[in-house]
Amino acid sequence: MAKIETPRPIRGTQDIFGTEAEAFAHVVETFERIRKLYRFRRVEMPVFEKTEVFSRSLGETTDVVSKEMYSFEDRGGESLTLRPEFTAGIARAYLTDGWQQYAPLKVATHGPLFRYERPQKGRYRQFHQLDAEILGAAEPQADVELLAMADQLLKELGIAEGVTLQLNTLGDAPSREAWRMALVEHFRESRDALSEDSQERLERNPLRILDSKDPRDKALVHEAPRIDDFLSGEAERYFLQVTEGLDAAGVAWHRNATLVRGLDYYRHTAFEFVTDRLGAQGTVLGGGRYDGLIETLGGPHVPAVGWAAGIERLAMLVADARKLAIDALDVILVVEDDRALRVAQQSLAQLRRAGFSADIVASGSPRKRFDKAVKAGARVILSFTFDEEQDQAVRALRGPDEWVEKIDAIVLPLVLAQGQ
RNA sequence: GCGAUUGUAGCUCAGUUGGUUAGAGCGCCGGUUUGUGGUACCGGAGGUCGCGGGUUCGACCCCCGUCAAUCGCCCCA
């Protein structure tokens, strides 16, 4: 007889369980609470979109679009793509669902995203992000508000220590373009001294050379032209207002003039919250301003800012910090004699209805059940045995008096009512 | 796509320079002890040693291939 082979999980997907799942839920719950404090509206977005939603807005040459998208044809022959990020889909909805009427609009969401990449620590093919966006707001105050929210989120998760906010400006479109050309010129001069990867980047995405980890590149990056020398007066003023706003809001930040973002649509403010506690995947939350994005989807000029945070990465930090409350179990029921099973089941149902978290041990060798119950770590152990003389089940409780009292008030009447 | 490391019981791992029938702890199941008890002991189920080739009288061990996981490069949250 042929053995049935168990299907394996898809590479880069995760089955999250136990402490990790609790940490994951804790991150999402904290985010939900905080986004309400900042008055961000909850939105639910589709997990897939027409491929062009992403290919147009992220830039055809970016790695995400050119080699990391899960794209497929549906039965109608249309090219669809599992979302690799939230922003593009939200921008699309802003146009197609008439959200322009609510501008400036603050929205928040979270859920799974998909990128075909080699999995490693803190990086998965199906991963999960929190996301917050402000659409239709050109003021630096919007950037500040978003960053303050991110900062508070990390603090309330108890993981702010060792996480720093790296902040930069990419300038407006003319500033960014002038800087880009100067960078290309600078790196071309010493092209042969660059790493192989960076020689490639020089053609495709020269800004990325700036945050290369290769020591050969680092030397050249050190002497590279800085964005500050290319900022227009307006761009400079904008950045100043952001940093002053952060100072006023009490959000600590560090200028990082070599911080760039991977996607084409970013302008002005760019930022990352970074830690060194997660190996190579140190970015825990990242985003910036994307004033040009909505135009690439055929819409009007709509200034916007947003960020996304990796839930898995946040959850790993939370778990490290052991900030999680263990599952509270109020009462564990033990059926030490199967003749007491009915009363136990009755009690279990009533206790749960009364709001106690409760579980039951009623299988395996009866003489070993009590030990199992003890190991469950409940506040109260409620044991059911059978009295031969009275010919009925009897209960016994152990635990702190106030708990025993409350629980017995529910259980005792059920025991007394047996057989009536 | 590239590199490094690792694949032995449900889990965590031993397994000598290649040598009889591959082990332990935990967990699970059963029994004994105790008898209001987180004890101790005994027993049981569970392995094609990731998969496929090769070398050898003989492979968990050596060689090749392959798959997977982990970590890193790239890229990103």
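When reading the values below, keep in mind they use all heavy atoms of this one structure, side chains included, and skip hydrogens, waters and symmetry mates.
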For Leu329(A) against Asp359(A), the heavy-atom pair lying closest together: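 Nearest pair, atom of Leu329(A) first, then Asp359(A): CD1-N, 3.9 Å.
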Gap in Å between the two [atom1] atoms, one belonging to [N] and one to [M], rounded:
| N | M | atom1 | answer |
| --- | --- | --- | --- |
| C51(B) | A40(B) | P | 37 Å |
| C62(B) | G15(B) | P | 12 Å |
| U8(B) | G52(B) | P | 15 Å |
| U5(B) | G44(B) | C1' | 38 Å |
| U66(B) | G10(B) | P | 28 Å |
| U21(B) | G47(B) | C1' | 14 Å |
| C49(B) | C60(B) | P | 7 Å |
| C74(B) | C29(B) | P | 50 Å |

Which nucleotides of RNA chain B pair, in dot-bracket form (Watson-Crick or G-U under 3.5 Å, | meaning another strand): (((((((..((((.....[...)))).(((((.......))))).....(((((..]....))))))))))))....
Chi angles and distances behind the side chain to side chain contact (heavy atoms under 4.5 Å, CB included) call for Phe386(A), Leu341(A): CA-CA 10 Å; Phe386(A) 196 84; Leu341(A) 182 61; over 6 Å; no
Tyr238(A) and Asp143(A): side chain donor to acceptor below 3.5 Å: yes
Do [Y] and [X] meet the salt-bridge criterion of a basic N to acidic O distance under 4.0 Å?
| X | Y | answer |
| --- | --- | --- |
| Arg115(A) | Glu85(A) | no |
| Glu145(A) | Arg39(A) | no |
| Asp63(A) | Arg208(A) | no |

Tell me: [atom1] of [X] to [atom2] of [N], nearest whole Å?
| X | N | atom1 | atom2 | value |
| --- | --- | --- | --- | --- |
| Ile10(A) | A68(B) | CD1 | C1' | 13 Å |
| Glu336(A) | U34(B) | CD | C1' | 13 Å |
| Asp371(A) | C41(B) | CG | P | 14 Å |
| Ile381(A) | G38(B) | CD1 | P | 10 Å |
| Arg367(A) | G31(B) | CZ | C1' | 8 Å |
| Lys375(A) | U39(B) | NZ | C1' | 11 Å |
| Phe386(A) | U36(B) | CZ | C1' | 19 Å |

Sub-4.5 Å side-chain heavy-atom contact between Tyr94(A) and Glu133(A):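 Side-chain contact under 4.5 Å: no.
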Worked verdict on Leu397(A) versus Val411(A) for side chain to side chain contact (heavy atoms under 4.5 Å, CB included): CA-CA 10 Å; Leu397(A) 291 86; Val411(A) 175; 5.6 Å; no
Contact pattern, 5' to 3', of nucleotides 71-77 of chain B - B, S or - by protein heavy atom under 4.0 Å: SBBBBBB
Check: G37(B) base within 3.5 Å donor-acceptor of Lys368(A) side chain: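 Result: no qualifying N/O pair found.
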Arg125(A) to Tyr116(A) six-membered ring, cation-pi geometry met (6.0 Å, 45°):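 Arg125(A) over Tyr116(A) ring: yes.
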Axial cation check for Tyr102(A) ring with Arg41(A), 6.0 Å and 45° limits: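 Judged by the rule, Arg41(A) and Tyr102(A) form a cation-pi pair.
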First encountered from the 5' end of RNA chain B, between Ala396(A) and Ser363(A): Ser363(A)
